[in-house]
Protein chains: 2
Amino acid sequence: MEGRINRIKKQLHAQKYKLTPQREATVRVLLENEQDHLSAEDVYLLVKEKAPEIGLATVYRTLELLSELKIVDKINFGDGVSRYDLRREGASHFHHHLVCIECGSVDEIQEDLLGEVEKVVERKWHFKVKDHRLTFHGICHRCLEKHEEENRLNKEKEFEKEPEKV
Amino acid sequence: MEGRINRIKKQLHAQKYKLTPQREATVRVLLENEQDHLSAEDVYLLVKEKAPEIGLATVYRTLELLSELKIVDKINFGDGVSRYDLRREGASHFHHHLVCIECGSVDEIQEDLLGEVEKVVERKWHFKVKDHRLTFHGICHRCLEKHEEENRLNKEKEFEKEPEKV
DNA sequence: TCAATTAAGTATAATCATTTTCAAATTATA
DNA sequence: TATAATTTGAAAATGATTATACTTAATTGA
């Protein structure tokens, strides 16, 4: 954690920015919630717990800054808010997302699924790929399992009724 | 065009919605600007030319409705606005986009690039894919060609200078 | 060290896209 | 035709984000 903060500090310094206490508190919240996809408001509320004097505008500015430096990625899943997602260290590509249309959960895929696809795009469309956004919408494994369970129970119920029909 | 409108009319009726004059005017604008990625405001201004009495709220409501019926897809390229893109007839999957980080242009890829990738996701993550969003950010072929042209000119210039250096 | 410049922060107001409200108009239905 | 349901338009409300004005902290050069 501390190492990671230090490296981010260096990245900021390299561009003549400082890691102020407010910025550090914001980065810490992002690190502590790495699995989540927090909105600016979410980040603000969490940072406030440690640094109650911080302003919402500062959080927005910090997230914007971290975006520019490619330390976080700003993503949008179609609800009205932008979400901010820490880029994994050493990750050459932005990770992908699985959004469940039933429960709303968002899971991440770290694997590089697009290597071949990007080559095709560069060759066929003469487009120099710098970044990508890939999101799948569908039903997550948790909801699928729930459905299977329900189906199983329904079948059992039908089976119980069978004798009554006679 | 008329055939397409009629089929959309049927899709609406199938769900107990009517193709009101306002809705028809909106759909026509989308059909006439199929290559573009219009925002709600853009659509509103274009519809107004034909049906000046229409309200912005109606356009938003119509686009929302068409989204639900999967006639249009709502997309977001990270600027503050949602854009609405007509789904090609018979297209089983949503098309992909190439966003140029230099000139801001948005090109479309109709080809299915994700067939294999989706199979991997379903198998490996146990996630039932229903839809996807794939956007590449990079440099479009027009900007790339411009760069090549500039490089060519710069080299020529250097060549001209050569004698001066001696 | 100290004044002067610059960067960054806070709080609040302003902006902009989108949604909601509600009365009026239109359309379907009995 | 009367009644109910749907749809609309205008305006107000909302909610996320950005800009503004002012303050505070940090940095620099004499």
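On a predicted model such as this, the values are computed, not experimentally measured, just so you know. We name chains A, B, ... by the order of the sequence lines, and we start the count at 1 in each one.
Evaluation of the salt bridge (charged side-chain N to carboxylate O under 4.0 Å, His left out) rule for Glu108(A) yields Arg88(A) as partners, not counting sequence neighbours. Annotation: side-chain contact (heavy atoms from CB on, under 4.5 Å) contacts of His126(B) (sequence neighbours excluded): His141(A), Leu144(A), Glu145(A), Glu148(A). Arg7(A) is linked by a side-chain contact (heavy atoms from CB on, under 4.5 Å) to Arg4(A), Glu89(A), counting only residues two or more places apart in sequence or in another chain.
With contacts defined as side-chain heavy-atom distances shorter than 4.5 Å, the pair Trp125(A)/Glu111(B) qualifies.
Here the side chain of Glu102(A) pairs no donor or acceptor atom with the backbone of Cys140(A) at under 3.5 angstrom. Side chain of His132(B) to main chain of Phe94(B): a donor-acceptor pair is present (N/O by atom type, distance under 3.5 Å, no hydrogens or angles). No side-chain donor-acceptor contact under 3.5 Å links Asn154(B) to the backbone of Asn151(B).
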Going by atom type alone, with no hydrogens or angles, which donor-acceptor pairs under 3.5 Å involve a side-chain atom of residues 15-24 of chain B and a protein atom two or more places apart or on another chain?
residue	atom	partner	partner atom	Å
Thr20(B)	OG1	Arg23(B)	N	3.2
Arg23(B)	NH1	Lys18(B)	O	2.7
Glu24(B)	OE2	Arg28(B)	NE	3.1
Glu24(B)	OE2	Arg28(B)	NH2	2.9

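A sub-4.0 Å separation between OP1 or OP2 of dG9(D) and a side-chain N or O of Gln22(B) is present. Residue Thr20(B) has a polar side-chain atom (N or O) positioned under 4.0 Å from OP1 or OP2 of dT8(D).
We find that CG of Asp79(B) is positioned 11 Å from C1' of dA17(C), with the value rounded to whole Å. Per the geometry, OH belonging to Tyr17(A) stands 17 Å off C1' belonging to dA26(D), to the nearest Å. Computed from coordinates, the Lys16(A) NZ to dT28(D) C1' distance equals 14 Å when rounded to whole Å. Atom CZ in Arg23(B) sits roughly 15 Å away from atom P in dT26(C) (whole-Å rounding).
For the contact set between residues 25-45 of chain A and DNA chain C, defined by any heavy atom under 4.0 Å, there are no members. DNA chain C is contacted by Leu56(B), Ala57(B), Tyr60(B), Arg61(B) of residues 50-78 of chain B, taking any non-hydrogen atom closer than 4.0 Å.
Comparing dA28(C), dG9(C), dA26(D) against the side chain of Lys18(A) picks out dA26(D) as the nearest.
Taken to the nearest 0.5 Å, the NZ atom of Lys128(A) stands 8.0 Å off from the CD1 atom of Ile139(B).
In this structure, Lys48(A) and Ser82(B) both approach DNA chain C, and ranking their closest nucleotides by distance from the 5' end singles out Lys48(A).
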